[in-house]
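Residues: numbered from 1 along the sequence shown.
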Amino acid sequence: MFTTDDFLQYTQWSGIATLAFAGLVILAFVFKWGIRFRLVGATGFMLVVTGGLFALSLAPLTRTVIPDALRYSLVYDNGGPQTVIALPPAEITPSQLEATLRQAASDLYSYGRLGALSDNQLTVRARTIIHPEKGVSVPLYLGQVRRSLAKREDQQMAIEIYEDKLAQLPQPTA
């Protein structure tokens with residue numbers, strides 16, 4: 001993942017390229033080259049790119065990484081207070097599930113979610129698909145986390161792990 005220092009370095013190089021394009025534009029107008037107006041457009045584009053890179057160098061780009069969290073995929077997100085993530089149908093420990101729910105709650109947090117005006121809680125449910133018999137697929141909800149939509153760092157997250165559902169997961173064969 002790029003850091004703000006990387007973006008600052010890219011901004012410097014993009015600024016140098018923008019100045020080079022500006023110099024070419026001046027030369028193009030002095031010598032009446034046929035591509036002078038295209039160079040004006042390219043210089044304008046370089047100004048926009050440089051400005052965007054500079055803005056990215058100012059904002060901290062951080063992502064919270066929770067240790068022991070499993071990879072998940074987002075299955076459902078209504079842009080409001082409800083989301084569902086999918087986990088692989090493997091052996092999952094309660095601690096891994098809790099870490100994954102915390103990771104998903106952190107990743108999916110956004111103050112602009114629509115639920116901020118109602119109960120002000122984001123609910124992230126974790127599920128997997130099991131196959132109890134050939135040709136049958138059953139969604140199995142393993143747990144959920146409820147967190148505040150008002151605070152970025154929510155210390156009062158309510159995590160529920162459904163132990164009875166975890167026991168239904170396929171066990172590794174030895």
Apart from Val65 itself, residues in the same hydrophobic cluster as defined by side-chain heavy atoms under 4.5 Å |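 Besides Val65, the hydrophobic cluster comprises nothing; the residue is isolated.
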
Do [X] and [Y] share a hydrophobic cluster, counting only Ile, Leu, Val, Met, Phe, Trp and Tyr and linking them when any side-chain heavy atoms are less than 4.5 Å apart?
X      : Y      : answer
Leu19  : Trp13  : no
Val138 : Ile92  : yes
Leu53  : Leu47  : no
Leu74  : Leu122 : yes
Leu8   : Leu56  : no

Of all heavy-atom pairs between [X] and [Y], which one has the smallest distance, and what is that distance?
X      : Y      : answer
Val145 : Met157 : CG2-SD, 3.9 Å
Gln168 : Leu140 : OE1-CD1, 3.3 Å
Thr50  : Gly15  : OG1-N, 3.8 Å
Ala90  : Leu169 : O-CD1, 3.5 Å

Residue pairs passing the side-chain hydrogen bond (donor to acceptor under 3.5 Å, both in side chains) test where at least one lies in residues 78-90, sequence neighbours excluded |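 Residue pairs with at least one partner in residues 78-90: there are none.
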
Compute the ring centroids of Phe2 and Phe7, then answer whether they are less than 6.0 Å apart.
->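 So the answer is yes for these two rings.
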
Flag, side chain of Thr128 to backbone of Leu87, donor-acceptor distance under 3.5 Å |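 Answer holds: yes.
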
Does Phe54 offer a backbone N or O that forms a donor-acceptor pair with the side chain of Ser57 under 3.5 Å?
->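 Such a contact is found between Ser57 side chain and Phe54 backbone.
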
Within a radius of less than 6.0 Å around OH of Tyr162, do more than 12 heavy atoms belonging to other residues, nucleotides or ligands occur?
->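 Enclosed: over 12 neighbouring heavy atoms sit under 6.0 Å from OH of Tyr162.
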
Do other residues, nucleotides or ligands put more than 12 heavy atoms under 6.0 Å from Phe45 CZ?
->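 Open: at most 12 neighbouring heavy atoms sit under 6.0 Å from CZ of Phe45.
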
Provide the full list of salt bridge (charged side-chain N to carboxylate O under 4.0 Å, His left out) pairs with a residue in residues 143-155, sequence neighbours left out, each pair given once.
->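 Qualifying pairs, neighbours excluded: Asp119-Arg146.
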
Taking only residues two or more places apart in sequence or in another chain, which ones pass salt bridge (Lys or Arg N to Asp or Glu O under 4.0 Å) with Asp6?
->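 If we apply the salt bridge (Lys or Arg N to Asp or Glu O under 4.0 Å) test to Asp6, skipping adjacent residues, there are no hits.
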
Within a strict 4.5 Å, meaning less than it, do heavy atoms of the Leu142 and Leu166 side chains meet?
->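 Result yes, sub-4.5 Å side-chain heavy-atom pair found.
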
So do the side chains of Pro94 and Glu163 get within less than 4.5 Å of each other, counting heavy atoms only?
->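 Pro94 vs Glu163: side chains touch.
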
Quick one: side chains of residues 20-41, donor-acceptor pairs under 3.5 Å with protein atoms, not counting sequence neighbours, listed by atom name and distance.
residue	atom	partner	partner atom	Å
Arg36	NH1	Lys32	O	3.4
Arg36	NH1	Trp33	O	3.2

From Ile16 CD1 over to Thr11 OG1, what is the distance, rounded to the nearest 0.5 angstrom?
->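 Output value for this atom pair is 11.0 Å.
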
Enumerate, atom names and distances included, each donor-acceptor pair closer than 3.5 Å involving a side-chain atom of residues 97-108, sequence neighbours excluded.
residue	atom	partner	partner atom	Å
Glu98	OE2	Arg102	NE	3.4
Glu98	OE2	Arg102	NH2	3.4
Thr100	OG1	Leu70	N	2.8
Thr100	OG1	Gln96	O	2.7
Gln103	OE1	Ile66	N	2.7
Gln103	NE2	Thr64	O	2.8
Gln103	NE2	Asp107	OD1	3.0
Gln103	NE2	Asp107	OD2	3.4
Asp107	OD2	Arg63	NH2	3.2
Asp107	OD2	Tyr72	OH	2.8

